[in-house]
Amino acid sequence: MTQYVIDGGRPLIGTVLTSGSKNALLPILAATILYGGPCEIHRAPHLSDVENLLETLRYLGAKTRFCGDVITVDTSALNRYDIPAEYTGRCRASISFLAPLLLRFGRCSVAYPGGCAIGARPINYHLEALRALGNFRIMENSYGVEVQGTFTGGYYSMPYPSVGATECALMGACFSPMPCKIENGALEPEVEDLAGFLNACGGHIFLENGIWQSEPAPFSAHTDTLRYSVIPDRIEAGTFALAVAATRGEGRILRCNPDHMKGVIRLLAAAGAEVVGSKDSLYVRGRNRKLRGCDLVMAYPYPAFPTDLQAPACAFLATCYGKSAVLDTVFPMRYAHVSELGKMGARVSVARAPGGERYVSIVGGMFRGGRGESTDLRAGASLLIAGLCGKGRSIVLDQGYIARGYEAVCEKFRGLGGRIWENRIY
Ligand code: EPU
């Protein structure tokens, strides 16, 4: 258990550096299996989810090294195609190994993935993608899934633009003997980054009129080193932007990509913050601004407002004058932060819309120091923002969720003048 101790009520002022994207890196790590030789992945953040996938790669027979912000993975001697629950239970992204293992071995056995408790996270679209793009025998049991067969190519129209299932389909499509078309796939920048990596591995994937497509490419192992750099973490950058505005501070988020952050930029501007994006940084000012709430913020797939910033946005809006409403259509049960934000002084509750959808109803005011417990990664981030805003001492208890997705979060907040420390409790 980690305890974050925060003496809040001070505006965050200064600059902060964005790390590489967790959600781009995780599937790319699984996709190193498709290169079959040495890969150097640059700008990799030190996160427990990343460590978990590296451990899984080593279990499968890969050699890995993590030095500075560079991960080296060599999957040329991979010798296993099974991943037990002991590995998959810790991280949702372990499902990313499905397609790469199938391409390498023609079979795999993967226990159901774990991850943050943010509502149901089935893998039915992943399996549908396999059925549509290949000739597979799929056996599911209470433990996980066993699959045998080959990718053939084909067409898959996704019922919903699931990020993970699109990534599974692209990895399968990459080295199929026939062309592939994936309609209604996810268009998140992390998916595009994976496509970039797959092309660097020798694939021919492209996006045309919002449809993912691939031309046949042969799979072959490589001996030369592939070097690839992951995109900046738009969710980490957005969390800092919301924290700066929530504390009525002024800051510059460096090494981010504002083009990927339009949802959060729109929200901050609508609330009355000053937000100016440049090529690779974002300036945010809440200082001396009267910030007001927003009628309805809805989290949808990219390019709309991201579900991963829904909880941090609730913390921000709880500091803005007037009423706000926040609805998450991607994970409609992802509201565990609401009661915890309430314990720290926010006037927030989960309400029901006339159509039956649950949403977060917020009446702006002030946080006070308090005690909250994080229930998932982004809920944890929202509580840190609440603690940084509230006058007095706050304690955020966390079972390791925050370290899954925020690199050096206390150091980064301290660099902005925040008073925040972490203690390990055993
Ligand atoms: N869904 C299904 N069936 C499936 C797959 C998804 O019903 O087979 C549903 C899910 O239950 C959910 C919705 O589709 O309601 C969206 O799920 P999606 O598959 O898009 O999410 P994911 O791939 O499991 C990734 C990120 C999440 C992020 C979502 C949405 C990674 C490792 N995780 O998850 O990130 O919230 O996309 O953008 O890339 C986080 O970083 O905190 C995080 C949870």
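Note that these values count all heavy atoms, side chains included, but never hydrogens, waters or copies made by symmetry. Both counts, for ligands and for their atoms, begin at 1 and track the order of listing.
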Mind checking whether [X] has an N or O less than 3.5 Å away from an N or O of ligand 1?
| X | result |
| --- | --- |
| Pro122 | yes |
| Glu167 | no |
| Glu188 | no |
| Ala93 | no |
| Arg92 | yes |

Contact check, side chains of [X] and [Y], non-hydrogen atoms, under 4.5 Å:
| X | Y | result |
| --- | --- | --- |
| Leu60 | Ile83 | yes |
| Val50 | Ile71 | yes |
| Tyr143 | Pro84 | yes |

For [X], which part has a heavy atom under 4.0 Å from ligand 1: side chain, backbone, both, or neither?
| X | value |
| --- | --- |
| Val330 | both |
| Val163 | both |
| Tyr302 | neither |
| Leu377 | side chain |
| Glu190 | neither |
| Arg334 | side chain |

For ligand 1, is [X] a contact, meaning one of its heavy atoms is under 4.0 Å away?
| X | result |
| --- | --- |
| Gln310 | no |
| Lys22 | yes |
| Ala165 | no |

| field | Residue list, side chain to side chain contact (heavy atoms under 4.5 Å, CB included) with Arg266, at least two apart or on another chain | value |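 Testing Arg266 for side chain to side chain contact (heavy atoms under 4.5 Å, CB included), a comparison that skips the adjacent residues, returns Lys262.
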| request: For residues 148-172, pull every pair meeting side chain to side chain donor-acceptor pair (under 3.5 Å), keeping only residues two or more places apart or in separate chains. | output: Glu128-Tyr156, Tyr155-Glu183
Taking [X] first and then [Y], would you say they form a salt bridge - that is, a charged N and a carboxylate O separated by under 4.0 Å?
| X | Y | result |
| --- | --- | --- |
| Arg107 | Glu146 | no |
| Asp398 | Arg404 | no |
| Glu190 | Arg234 | yes |
| Lys412 | Glu236 | yes |

| query | Just going by heavy-atom distances, which of Tyr160, Tyr125, Tyr300 is nearest to atom 8 (O) of ligand 1? | reply |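 Of the listed residues, Tyr125 has the closest heavy atom.
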| Whether Phe136 and Phe151 hold their rings parallel, tilted or perpendicular, with breakpoints at 30° and 60° |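 Rings of Phe136 and Phe151: perpendicular, as their planes differ by over 60°.
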| Aromatic ring pairing Tyr35/His222, orientation class (parallel under 30°, perpendicular over 60°, tilted between) | parallel
Element-labelled atoms of ligand 1 that are located less than 4.0 Å from some non-hydrogen atom of [X]:
| X | answer |
| --- | --- |
| His126 | 8 (O) |
| Ile123 | 8 (O) |
| Thr307 | 30 (C), 36 (O), 38 (O) |
| Gly164 | 19 (O), 23 (O) |
| Asp308 | 27 (C), 28 (C), 35 (O), 36 (O), 40 (C), 41 (O), 42 (O), 43 (C), 44 (C) |

| query | More than 12 foreign heavy atoms under 6.0 Å from CG of Asn79: is that the case here? | reply | yes
